[in-house]
Amino acid sequence: MIPTIPAKTIIQKNQSPDHWFGLDYNMNIYRGCPHGCIYCDSRSDCFKNPDFETVKMKENALEIVRNDLRRKIKTGVIGTGSMSDPYNPAEKTELLTRNSLELINAFSFGVSPITKSDLITRDADILRDIMSHSPVLVKFTITTADDDLCKKIEPQVAPSSARFKAIKTLTAQGIPCGVLILPLLPYINDTEENIRGILNQAKEAGAYFVYTYMGMTLRQGSREIYYHHLDQIAPGIKEKYQKNFGIRYTNLSPRRKKLWDVFNQECERLGLISDMKAIIHYYKARYENPQLTLS
């Protein structure tokens, strides 16, 4: 039995849509996440969710989503997955994400999920229906091209290879997809080999964009858990963090200059978009100008 928590509203206005994939609204119908990613910022103390790895559903979620959509004066693109993966294991049986997509479709909104799960391929039919009237963009977080490393830093998630396969499944049906290389963990996955590997596999799978940030964030609550796992999977690395970053929120890769060069060169070579404005334009343009066709 999945526990529930009360909620008054679920779909909330995004105050800075141009800064993050053009999302007009945000939706989180689950709270908590069992993926076990060692770097997860959402378990930080500031979010006041000490039992983070236990997934909870929001009470009367579908009724609230329907009422929220009905009250919106302006349609737009709804992002989901910022705090809890909408395709966590509970979704297999509870279908809250699928049913929410059906409501989003009925009210003529667009949608942009972010996930680490290949379960999203189940809902390709609804995503295609939404595309008939509104923008759709699927974002897969993939931090490493190596399934073995993936298992260490994201132990309960579909392996990277399964996520690349899911991209291929969706893009074959015309659904726009891209990859977020977020976060890039200093001394762990911040290598040229990893960047090249992800970009090449993203291109092969049919992704049209890749977006990254050459570092990670750590704050109270998440930092302690991350350091605990570092001691197990990479002894000695925690001390580098403590020496070089202290208690800073932003922890940038010391290799970032070289990695940016590699990233930009490879994106250009492969024809992958990496600029936020260009990403937004690509998946929204034909809805803003119906006469414009995209290659």
Side-chain angles (χ1 to χ4, degrees), residues 1-12 25-71 78-107 109 111-127 129-130 138-141 143 150-160 162-163 165-166 169-170 220-222 224-226 228-229 232:
M1 187 72 177
I2 309 297
T4 60
I5 56 173
K8 294 182 179 179
T9 184
I10 292 177
I11 298 178
Q12 301 174 329
Y25 303 97
N26 289 312
M27 176 181 76
N28 287 290
I29 51 178
Y30 293 100
R31 183 170 171 84
C33 183
H35 286 343
C37 303
I38 68 172
Y39 51 75
C40 182
D41 184 69
S42 295
R43 61 160 65 94
S44 299
D45 290 351
C46 61
F47 296 116
K48 296 179 170 53
N49 188 13
D51 194 20
F52 179 75
E53 294 191 0
T54 298
V55 175
K56 306 176 185 69
M57 303 185 300
K58 294 186 177 178
E59 292 176 1
N60 304 312
L62 297 177
E63 179 181 351
I64 295 171
V65 167
R66 184 183 65 238
N67 291 337
D68 284 349
L69 290 170
R70 182 181 292 135
R71 284 193 291 263
I78 300 171
T80 183
S82 60
M83 294 297 294
S84 176
D85 196 319
Y87 290 96
N88 66 73
E91 173 60 19
K92 293 179 181 179
T93 55
E94 301 304 325
L95 303 178
L96 287 185
T97 297
R98 182 173 177 85
N99 291 332
S100 293
L101 290 178
E102 291 175 336
L103 289 168
I104 288 169
N105 185 30
F107 282 89
F109 281 72
V111 71
S112 180
I114 178 172
T115 185
K116 293 177 182 173
S117 173
D118 54 354
L119 178 60
I120 191 172
T121 58
R122 178 201 65 189
D123 295 340
D125 57 333
I126 306 177
L127 295 174
D129 283 347
I130 295 173
V138 177
K139 308 182 295 292
F140 284 88
T141 298
T143 57
C150 172
K151 189 65 176 177
K152 293 178 181 178
I153 63 177
E154 302 162 349
Q156 305 302 322
V157 180
S160 298
R163 282 174 262 174
K165 185 177 180 180
T169 298
L170 295 178
Q220 188 172 346
S222 60
E224 292 79 3
I225 295 172
Y226 181 60
H228 169 75
H229 287 289
Q232 299 179 40

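We use all heavy atoms of the structure for the numbers below, so side chains are in, but hydrogens, waters and symmetry mates are not.
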Roughly how far, to the nearest 0.5 Å, is the CG atom of L103 from the CG atom of L62? 6.0 Å

Between I78 and L69, does a side chain to side chain contact (heavy atoms under 4.5 Å, CB included) hold up when you go through it step by step? CA-CA 10 Å; I78 300 171; L69 290 170; 3.6 Å; yes

Rounded to the nearest 0.5 Å, how far does NE2 of H35 lie from CD of E154? 9.0 Å

Basic-acidic side-chain contact under 4.0 Å: K48, D45: no

To check you understand the geometry: which heavy-atom pair defines the closest contact between M27 and S100, and what is its length? CE-CB, 4.0 Å

Where is the tightest heavy-atom contact between T54 and P3, given as atom of each residue plus distance? CG2-CG, 4.1 Å

Is the shortest side-chain heavy-atom distance between P89 and Q156 below 4.5 Å? no

Using the side chain to side chain contact (heavy atoms under 4.5 Å, CB included) definition, which of the options L95, D129, D123, I126 pairs with E102? I126

Near K56 NZ, under 6.0 Å, is it more than 12 heavy atoms from other residues, nucleotides or ligands? yes

Would you tell me whether H228 and E224 have side-chain atoms, one donor and one acceptor, within less than 3.5 Å of each other? no

What's the separation between atom CG in D118 and atom OG1 in T169, rounded to the nearest 0.5 Å? 8.5 Å

For the student: nearest non-hydrogen atoms of A90 and I2, plus distance: CB-CD1, 4.0 Å

With the side chain counted from C-beta on, respond yes when I64 and D68 share a heavy-atom pair under 4.5 Å apart, and no when they do not. yes

Looking at CD1 of I225 and CZ of R43, how far apart are the two atoms once the value is rounded to the nearest 0.5 Å? 4.5 Å

Mind checking the CG-OG1 spacing from D85 to T141? Nearest 0.5 Å is all I need. 8.0 Å

Looking only at non-hydrogen atoms, find the nearest pair between A124 and L170 and report the distance. CB-CD2, 3.8 Å

Pairing of R31 and D51 as salt bridge, 4.0 angstrom limit: no

Polar side-chain atom of E91 near backbone of L96 as donor-acceptor pair, under 3.5 Å: yes

Value for OH (Y25) from CZ (F109), rounded to nearest 0.5 Å, stands at 5.0 Å

Side-chain heavy-atom pair R66, F107 within 4.5 angstrom cut-off: yes

Taking all non-hydrogen atoms of both residues, which atom of P86 and which atom of Y30 are closest, and how far apart? O-CE1, 3.9 Å

Using only atom types and a distance under 3.5 Å, with no angle test, would you say the side chain of T115 pairs donor to acceptor with the backbone of Y87? no

Please check this pair: side chain of S112 against backbone of G79, looking for a donor-acceptor N/O pair closer than 3.5 Å. no

Could you tell me which non-hydrogen atom of V55 sits nearest to which non-hydrogen atom of C33, and how far apart they are? CG2-CA, 4.1 Å

Answer with yes or no whether the side chains of S117 and N88 bring together a donor and an acceptor at under 3.5 Å. no

Only one of T9, N28, T4 forms a side chain to side chain contact (heavy atoms under 4.5 Å, CB included) with K58, so which one is it? N28

Donor-acceptor pair, N67 side chain versus E63 backbone, under 3.5 Å? yes

